[in-house]
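Working notes, beginning with the structure itself.
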Amino acid sequence: MPDTRLTRARQLVSEQGWAALLVTPGSDLVHLTGYEAMPLERLTCLVLPARGEPTLIVPRLERPAAEEAPVRLVDYPDGVDFIRVLADTLAVRTGTVGVVDAMPAAHLVPAQRLLPEVRWEVAGRALAPLRAVKTAAEIAELTSAGSAIDHVHRRMHQWLRPGRSEAEVAADIAVAVRDAGHARTDFVIVASGPNAASPHHTSGPRVIEPGDAVVVDIGGTMPSGYCSDCTRTYVVGPSAPPGFAEMYAVLQEAQRAAVAAVRPGVPAEAVDAAARDHIAAHGYGELFVHRTGHGIGLDTHEEPYIVTGNAEPLVAGTTFSIEPGIYRPGAYGARIEDIVVCTPSGARRLNTTSTDLVHL
Ligand code: ZN
Ligand code: ZN
Ligand code: ZN
């Protein structure tokens, strides 16, 4: 698989008119070589030239771990100027070189200084098509990730109870995310009561009370490298805060409208508008403070972004979140998030638990 990916990436390097692409540790390197490198102060870098052999530069001590990558390896011992090793491997003094978004400034800036005639280009946008459209095998991995995180949400009644702090509940969930089959827990947001009005709240000491609405947004990375991300909103006890149920009903309809708007050829921003227009029509427009969604794959956040201004048409095989939220500062908040895959006939949800408000 990485072999075909390297071939496609090299085509893209040619199409862009670049002399080469530099890929430092991160999900792009995993995608192209299968090698999950440790990000270090030492340089690890795949040099993918438009012509010639791809070469992975690694610190000598990382060589055994890097052997799994299906490319030529060049290693260097500690004490050697690895920016010179990079310049020698790159073997160009002029022209344009693309670099992945994640390349550390500590490596890029010295390379720029050593090769002042080279034009440097951030490659993220150009590389996006390589990863945005998933293969059947990748969709299968994301489907397993979706089932795994759904399993954790189904167990929420075991942890989310009055008298427990957000941090205690989050610690239990973090263990459950791994128990459900993830290799690691990436994030756990437990935002209760007024804290739920902060979309990226950090779970803290607040003790959950009866009548709280609680936003639970959780995700992890499977052993395959593919990610999960799913939000449900719960109410603790039989009665929700005044006005909350009405607001939640609008949010649920908005989320369904956005899922229903997904189809190949539809601009990404039209999916955002489907949720946003519905929320605005009910008078909550000012309270929906973020985009509707983001692509997901080897990274939790990647292309395509479901946001105003992204007129790019959706393509079958892309996978992304649909996660509108409504946040009333000082009072409460709610969000519903599903990962969907765009199929020729519309969205298929990879998270399949009900989006109805759950009372625990
Ligand atoms: Zn986010
Ligand atoms: Zn998300
Ligand atoms: Zn999320």
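Each ligand, and each atom within it, is numbered from 1 in the order the structure gives. Just so we're clear, the structure is a prediction, and the values are computed from it rather than from any experiment.
Formation of a donor-acceptor pair under 3.5 Å by the Arg184 side chain with backbone atoms of Gly220 is not found in this model. Side-chain atoms of Thr44 do not come within 3.5 Å of backbone N or O of Leu40 as any donor-acceptor pair. Side-chain atoms of Asp88 never come within 3.5 Å of backbone atoms of Val85 as a donor-acceptor pair (strictly under, hydrogens ignored).
For an aromatic pair to be called close, the ring centres must be under 6.0 Å apart, and Phe187 with His200 fails this.
When distances to the Zn ion (ligand 2) are checked against a cut-off of 2.8 Å, His301 contributes no N, O or S atom below that limit. When distances to the Zn ion (ligand 2) are checked against a cut-off of 2.8 Å, Glu337 contributes an N, O or S atom below that limit.
Of all the N, O or S atoms in Asp229, the one closest to the Zn ion (ligand 3) is OD1. Nearest N/O/S atom of Glu323 with respect to the Zn ion (ligand 2) is recorded as OE2. Shortest distance from the Zn ion (ligand 2) to His294 is reached at NE2 (N/O/S atoms only). Counting just the N/O/S atoms of Asp217, the one with the shortest distance to the Zn ion (ligand 3) is named OD1.
Under a cutoff of 6.0 Å and an axis angle of 45°, Arg276 and Phe288 form a cation-pi pair.
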